[in-house]
Peer 1: 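Handing you this structure, nothing more for now.
Since the structure is predicted, the reported quantities are computational estimates derived from the model, not experimental observations. In what follows, every heavy atom counts, from backbone to side chain, and hydrogens, waters and symmetry copies are set aside.
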Amino acid sequence: MILDTVLLVPENDVESQTILEIATKVGIPILKSEQPHGARLANEPNLLARLDHSTNQVANHSTNPVDIHRRLAIVEIPGPLLEESLRQAGWEVIIIDHHRYDELDRRNPLSSLEQFLVIFQITPADLDNLGFDPRIIFGLGVMDRGFVWGLSPAGFSISESAQVRVEYRRRKNLLKGENAILIQSVKRAWETREQQDGVYIIRSDNKEHHIREEISFLLAESHELPPPAIIYEGDGRVTVQDCAQAPLLFTHFGGYTFGNDLCWGREANSHPTLTPEQLLVLINA
């Protein structure tokens, strides 16, 4: 395992939470980002000072402080200009990501969790020794890039897939906590769903919590194959899921892609607001 690389990681979803938990148990020096989804390196406060502090901590615990490398691994917090500035300042910058953003393509066949394990040389035996179930951890990585429908193609049995889903939901609850308002919002959105040209259109009125993942579980429970869906969040974020035309939506409207380039989204502050009709034209192209 590599223990002299600083890890900059948020805790804004199940994948990043899992990376953070493993890194903590391993003893990797961590800079925890407090940014939500849509994190950007330019918005990370006092980054250089925090990096210097982390490097000093590594040196203090090393038997060979002279050999300490200024190496930083960044999990899903893009910022090409600042990344280059860090390199110019003597840092080796390692990118852990698998999304495509505006004018920045960081797609990767591996999820960020899977990349993290490879880069830090954490083996299944290491995970087992740390108290994790390696198969479950691998499943969480698969779910991040292919959600529930990615488990079977990755070789997970029905019972294994069920265990991964349970662990995913457990971790999500730890991250966000039980929320009766969210549960009711998901119920209302699901009950008022529409379908047009074979595509679900689902709208939320909850401006505080996103319903997308909960809706995805409902879709997975009711469909053997993933149906395309447009999900409007209460804060203005829009997502199109399980659609082969996600790259086309990205080309026309910007935003980001995820889920092996089969999903597309735009953040809440994006303008103009896109109607279902505008999206359906491209989804059915």
Side-chain angles (χ1 to χ4, degrees), residues 10 12-13 15-16 35-43 74-84 93 95-115 141-150 153 193-204 210-213 215-216 219-220 223 225-285:
N12 53 24
D13 60 15
E15 184 181 39
S16 61
Q35 294 192 61
H37 270 286
R40 292 295 185 271
L41 202 57
N43 298 329
I74 305 174
V75 181
E76 297 187 6
I77 307 179
L81 293 178
L82 276 179
E83 292 161 10
E84 185 56 33
V93 178
I95 302 301
I96 299 177
D97 207 336
H98 61 118
H99 300 288
R100 177 163 56 169
Y101 309 91
D102 286 335
E103 301 179 359
L104 184 62
D105 189 346
R106 289 194 163 159
R107 286 173 294 172
N108 190 304
L110 297 180
S111 67
S112 292
L113 175 54
E114 293 166 307
Q115 292 174 56
V142 170
M143 276 195 65
D144 194 76
R145 56 180 164 87
F147 200 58
V148 173
W149 292 283
R193 67 191 182 278
E194 304 170 22
Q195 200 167 17
Q196 187 173 338
D197 298 332
V199 180
Y200 282 103
I201 302 170
I202 301 165
R203 297 179 174 86
S204 172
H210 294 141
I211 66 166
R212 185 188 69 80
E213 284 191 342
I215 290 296
S216 296
L219 289 169
H223 293 76
L225 296 175
I230 302 171
I231 301 174
Y232 287 97
E233 302 283 2
D235 65 357
R237 179 186 294 189
V238 59
T239 304
V240 175
Q241 295 193 167
D242 300 301
C243 167
Q245 302 298 345
L248 186 60
L249 291 165
F250 176 84
T251 300
H252 277 74
F253 302 124
Y256 55 92
T257 66
F258 60 104
N260 290 331
D261 234 18
L262 291 173
C263 302
W264 166 89
R266 287 208 316 181
E267 297 292 345
N269 57 357
S270 302
H271 295 286
T273 302
L274 298 172
T275 66
E277 288 71 28
Q278 289 174 292
L279 296 173
L280 285 167
V281 167
L282 296 180
I283 290 171
N284 295 318

Peer 1: For the residue pair L279 and V238, establish whether any side-chain heavy-atom pair is separated by less than 4.5 Å.
Peer 2: yes

Peer 1: One pair to check against side-chain contact (heavy atoms from CB on, under 4.5 Å): V142 and E114. What are the steps and the verdict?
Peer 2: CA-CA 8 Å; V142 170; E114 293 166 307; 4.2 Å; yes

Peer 1: So, for I202 and R193, which heavy atoms are closest and what is the spacing to 0.1 Å?
Peer 2: CG1-CB, 3.9 Å

Peer 1: Please find the pair of heavy atoms, one from T257 and one from D261, that lie closest to each other, and give the distance.
Peer 2: OG1-OD1, 2.6 Å

Peer 1: Without swapping roles, check the side chain of E233 against the backbone of I211 for a donor-acceptor pair under 3.5 Å.
Peer 2: yes

Peer 1: Does any N or O in the side chain of D197 come within less than 3.5 Å of the main-chain N or O of V199, such that one atom is a donor and the other an acceptor?
Peer 2: no

Peer 1: With rounding to the nearest 0.5 angstrom, report the OG to CG distance, S111 to N260.
Peer 2: 9.5 Å

Peer 1: Less than 4.5 Å apart, any side-chain heavy atom of E103 and any of P80?
Peer 2: no

Peer 1: Are the side chains of H252 and W264 in touch, meaning some heavy atoms are under 4.5 Å apart?
Peer 2: no

Peer 1: Quick one, R145 and N108 - any side-chain contact, counting heavy atoms below 4.5 Å?
Peer 2: no

Peer 1: Nearest 0.5 Å, what's the CD-CD1 distance between E83 and I74?
Peer 2: 5.0 Å

Peer 1: Please name the pair of heavy atoms, one in P228 and one in G198, separated by the smallest distance, quoted to 0.1 Å.
Peer 2: CG-O, 3.6 Å

Peer 1: With distance as the sole criterion, is a donor-acceptor pair present between the side chains of H37 and Y256 under 3.5 Å?
Peer 2: no

Peer 1: I need the I231 CD1 to S216 OG distance, nearest 0.5 Å.
Peer 2: 5.0 Å

Peer 1: Please examine the side chains of Y200 and I215, heavy atoms only from C-beta on, and report whether any two atoms are closer than 4.5 Å.
Peer 2: no

Peer 1: Do Y101 and R40 come close enough that some side-chain heavy atom pair is under 4.5 Å?
Peer 2: yes

Peer 1: Could you report the tightest heavy-atom contact between L248 and A285, atom names first, then the distance?
Peer 2: CD2-CB, 3.9 Å

Peer 1: To the nearest 0.5 angstrom, please state how far the OG atom of S270 sits from the CZ atom of F253.
Peer 2: 11.5 Å

Peer 1: Taking the side chain as every heavy atom from C-beta outward, state whether L219 and D242 have any atom pair closer than 4.5 Å.
Peer 2: no

Peer 1: What's the verdict on side-chain contact (heavy atoms from CB on, under 4.5 Å) for M143 and V148, showing C-alpha distance, side-chain angles and the deciding distance?
Peer 2: CA-CA 6 Å; M143 276 195 65; V148 173; 3.9 Å; yes

Peer 1: Measuring from H271:NE2 to R266:CZ, what's the distance to the nearest 0.5 Å?
Peer 2: 8.5 Å

Peer 1: Is any NZ, NE, NH1 or NH2 atom of the basic residue among R237 and D235 found under 4.0 Å from an Asp or Glu carboxylate oxygen of the other?
Peer 2: no

Peer 1: Tell me the closest heavy-atom pair linking R100 and F250, and the distance in Å.
Peer 2: CG-CZ, 3.6 Å

Peer 1: Which heavy atom of Q115 sits nearest a heavy atom of I96, and at what distance?
Peer 2: OE1-CA, 3.7 Å

Peer 1: Run I230 and I283 through side-chain contact (heavy atoms from CB on, under 4.5 Å) and show every step you take.
Peer 2: CA-CA 10 Å; I230 302 171; I283 290 171; 3.8 Å; yes

Peer 1: Mind checking whether D144 and F258 have side chains closer than 4.5 Å, heavy atoms only?
Peer 2: no

Peer 1: Main chain of S112, side chain of E15: is a donor-acceptor contact present, judged purely on distance under 3.5 Å?
Peer 2: yes

Peer 1: Measuring from atom NE2 of H223 to atom CH2 of W149, what distance do you get when rounded to the nearest 0.5 angstrom?
Peer 2: 8.0 Å

Peer 1: Is there a donor-acceptor contact under 3.5 Å linking the side chains of E76 and S16?
Peer 2: no

